[in-house]
Amino acid sequence: MKKSEKDKLIFFNEKAYEILRNYLLKKVDSIKNTFILVDDKTYQYCLPVLLSHVDSLKESNLIRIKSGEKEKNIHTCIQICKILENFKANRKSLILNLGGGVVTDIGGFVASIFKRGICFVNIPTSLLGMVDASIGYKTGINLDSIKNEIGSFYIPEFLIIDPNFLKTLSNQEIISGMSEVFKHGLIADKDFWINLNNIKNIIDITDNQWDHLICRSILIKQKIVDQDPKEKGLRKILNFGHTIGHALESYFMNTDKVILHGIAVVIGMICESWISYKINGLSISDYENIKFTLSKFYSIQNKILNLSDSEIEKILVIMEYDKKNEKNKIQFSLLKEIGKCSYNCQVPHSLIRECFFELKNIDFS
Ligand SMILES: NC(=O)c1ccc[n+]([C@@H]2O[C@H](COP(=O)([O-])OP(=O)(O)OC[C@H]3O[C@@H](n4cnc5c(N)ncnc54)[C@H](O)[C@@H]3O)[C@@H](O)[C@H]2O)c1
Ligand SMILES: [Zn+2]
C-alpha cells in the first residue's frame with residue numbers, strides 16, 4: 001500500500017472539487033497531462049457537471065468508452081493504454097475516472113499498470129460506485145465471463161463523492177445500488193440498519209438523506225477495509241449476500257432472465273440470513289426483520305424466486321467454482337446478529353438447497 005491508511009482520501013461535494021482544483025494547480029505539471037475517463041452515459045450526464053466545477057479540466061484529454069459491463073475487459077484497457085501512449089502520457093500523468101463501478105474499475109486498473117503505475121482520482125457517479133466499487137483499493141477487469149479475475153490493489157490520490165450525480169441515474173440502478181447500503185448496515189452497524197428501516201421509498205430519498213446515507217455507508221466499508229486491506233480475514237464480511245448472489249447472477253446471465261447485481265444480492269442476503277438463523281446464532285426475530293424490510297423495498301419476479309430443483313443444482317455447481325472458496329469448500333459470511341457478521345463459515349449443501357425453498361414463501365409483491 002502506497003499511502004498510510006490515515007491519509008484522508010474521501011471528500012464530499014464542494015469541498016471535494018476545491019481539493020481537485022488545488023491538486024491540479026499544485027501537483028500536476030500540465031493540465032494536458034490529465035486524462036478524464038468516461039463512458040457514453042457519464043460523458044453525456046456527468047462530464048458537464050465536473051467541468052462546471054473545475055473549469056481548467058476543459059483543457060484536459062478525454063478518453064471515452066462504451067457504457068456497460070461488457071467493456072470491462074483487457075481489450076478496452078489496451079485501447080486506453082494506446083491512447084495514453086499517443087498523447088505521450090508519462091509517470092506524472094493523472095487519470096480522473098468519472099463513472100460507475102465499470103469506469104472506476106477499468107481506470108484504476110489501467111492506472112496501476114501503465115508505466116508501472118500512474119496517479120488516479122475516482123469520481124464515482126453511480127450509487128454502487130459511491131458506496132462500494134470506488135472504496136477499498138480493488139481495481140479489476142473480467143477475463144471472458146469470469147468476473148474481476150484480473151486486477152490489482154491500488155490506492156487513488158483521493159475520491160470525490162458528489163451525490164448530485166445520482167439525479168441522472170436510472171431508478172433501477174439506484175434501487176440496485178442501495179442493496180450494498182443495506183448490506184453495510186446488516187454486517188456492521190445496527191443503528192444504521194434501523195435508520196434505513198425508516199425510509200419510505202428508495203426513489204423518494206431526499207438530497208440530505210443521500211448525503212447522510214452515502215457518507216455513513218462509505219465509512220462502514222472504509223473502516224472494514226482499513227483493518228484488512230488485502231482481504232485476509234475481516235474484509236470477507238463484505239461478501240455477505242454475495243456467495244448466493246453471485247451464483248444467481250452468473251446463472252441468470254446465461255438465460256433469458258436478466259437480474260441486476262443488487263437484486264441478486266438482496267436475494268442472497270435473505271437466503272444467507274436464513275442460513276445464519278439456522279446455523280450461526282442469528283435470532284428468528286432478526287431474520288424476520290431482515291426478510292420484512294428487504295421484501296418491503298424490493299419486488300422480485302416469481303420466475304426468479306421459483307427455482308426448479310435442476311436450476312438449484314446448477315446454481316450450487318456455480319457456487320463450488322467461486323474463487324473465494326478455500327479447500328474446495330463453499331465459504332459464506334454469515335450474520336451473528338444484525339450489525340455483526342462472521343466469515344469463513346461452511347454450510348452444508350442441504351441447507352443451501354433448503355434456503356431456496358424458504359424463498360418461495362416470501363411475498364415480494
Ligand atoms: N472494485 C471493487 O471493489 C468493486 C466493488 C463492487 C462492484 N465493483 C464493480 O462495479 C461494477 C458495477 O458498477 P455500477 O453498478 O456502477 O455499473 P456501471 O459502471 O456499468 O454503471 C451502471 C450504468 O449507469 C450509467 N451511469 C453511471 N453513472 C451515471 C449517472 N450519474 N447518470 C446516468 N447514468 C450513469 C453507466 O453508464 C452504466 O450504464 C461491476 O463491474 C462490479 O464488478 C467493483
Ligand atoms: Zn456487491
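These values consider heavy atoms only, across backbone and side chains, with no hydrogens, waters or symmetry-generated copies. When a ligand or atom number is given, it counts from 1 through the structure's own listing order.
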Option of least heavy-atom distance to atom 42 (C) of ligand 1 (set: H261, K41, K147, K70):
K147
Taking the basic N atoms (NZ, or NE/NH1/NH2) and the acidic carboxylate oxygens, is any pair closer than 4.0 Å for E18 and R21?
no
Would you mind running through ligand 1 and noting each atom that sits below 4.0 Å from a heavy atom of S67?
37 (O), 39 (O)
Tell me which part of T139 gets within contact of ligand 1: side chain, backbone, both or neither, using heavy atoms under 4.0 Å.
neither
Which atoms of ligand 1 have any heavy atom of Y45 under 4.0 Å away?
33 (C)
Is there a donor in the side chain of Y277 and an acceptor in the side chain of E358, or the other way round, less than 3.5 Å apart?
no
Identify the closest protein heavy atom to atom 29 (C) of ligand 1: which residue and atom is it, and at what distance?
L169 CD1, 3.5 Å
Linking I/L/V/M/F/W/Y whenever their side-chain heavy atoms sit closer than 4.5 Å, directly or via other members, would L51 and L96 fall into one cluster?
yes
Polar contact flag for V102 and ligand 1 (N/O pairs, less than 3.5 Å):
yes
Short N-O contact, K314 and E311, less than 4.0 angstrom
no
Any luck finding a side-chain donor-acceptor pair between D40 and Q44 under 3.5 Å?
no
Would you mind running through ligand 1 and noting each atom that sits below 4.0 Å from a heavy atom of N148?
43 (O)
Taking atom types as modelled and ignoring hydrogens, do the side chains of S170 and E173 form a donor-acceptor contact shorter than 3.5 angstrom?
no
Note: K167-D207 ion pair, threshold 4.0 Å (strictly below):
yes
I'd like to know if the side chain of S333 pairs up with that of N239 as donor and acceptor (distance under 3.5 Å, no hydrogens or angles considered).
no
Looking at E69 and K147, is there a salt bridge between them, counting it only when a charged N and a carboxylate O are closer than 4.0 Å?
yes
The answer for which part of L128 has a heavy atom under 4.0 Å from ligand 1 is side chain
As an exercise, identify every atom of ligand 1 less than 4.0 angstrom from a heavy atom of D39.
36 (C), 37 (O)
Nearest-option assignment for atom 6 (C) of ligand 1, heavy atoms, candidates I174, N164, D132:
D132
Is F165 in polar range of ligand 1, meaning some N or O pair under 3.5 Å apart?
yes
Where's the contact between K167 and ligand 1, heavy-atom distance under 4.0 Å: side chain, backbone, both or neither?
neither
Donor-acceptor side-chain pairing of N73 and N142 below 3.5 angstrom
no
Would you indicate whether D204, at its atom CG, is surrounded by more than 12 heavy atoms from other residues, nucleotides or ligands within a distance under 6.0 Å?
yes
Would you mind listing which atoms of ligand 1 come within a distance below 4.0 Å of any non-hydrogen atom of T125?
27 (C), 28 (N), 29 (C), 30 (C), 31 (N)
In the structure I gave you, are the side-chain heavy atoms of M178 and F297 within less than 4.5 Å of one another anywhere?
no
Under 4.0 Å from any heavy atom of G100, which atoms of ligand 1 are there?
16 (O), 19 (O)
Among all protein non-hydrogen atoms, which one is nearest to atom 44 (C) of ligand 1, and what is the separation to 0.1 Å?
D105 OD2, 3.2 Å
Counting heavy atoms under 4.0 Å, the part of S176 that contacts ligand 1 is neither
Residue E69 vicinity, atoms of ligand 1 by number, heavy atom under 4.0 Å
40 (C), 41 (O)
Near C46, which atoms of ligand 1 are under 4.0 Å from a heavy atom of that residue?
30 (C), 31 (N)
Taking N or O atoms only and a 3.5 Å limit, does G101 qualify as a polar contact for ligand 1?
yes
Note the single closest protein heavy atom to atom 4 (C) of ligand 1, along with its residue, its atom name and the distance in Å.
A133 CA, 3.4 Å
Heavy-atom nearest option to atom 33 (C) of ligand 1, drawn from L127, I65, T168, D162
T168
Between the side chains of K236 and E231, is the shortest nitrogen-to-carboxylate-oxygen separation below 4.0 Å, so that they form an ion pair?
no
What N/O/S atom of E180 gets nearest to the Zn ion (ligand 2)?
OE2
Write out all pairs satisfying ring-ring contact (aromatic ring centres under 6.0 Å, His included) with one or both partners inside residues 330-363, taking only residues at least two apart or from two chains.
none
Please state which protein non-hydrogen atom is closest to atom 16 (O) of ligand 1 and give its distance, to 0.1 Å?
S126 OG, 2.5 Å
Assess G99 for proximity to ligand 1: is some non-hydrogen atom of it under 4.0 Å away?
no
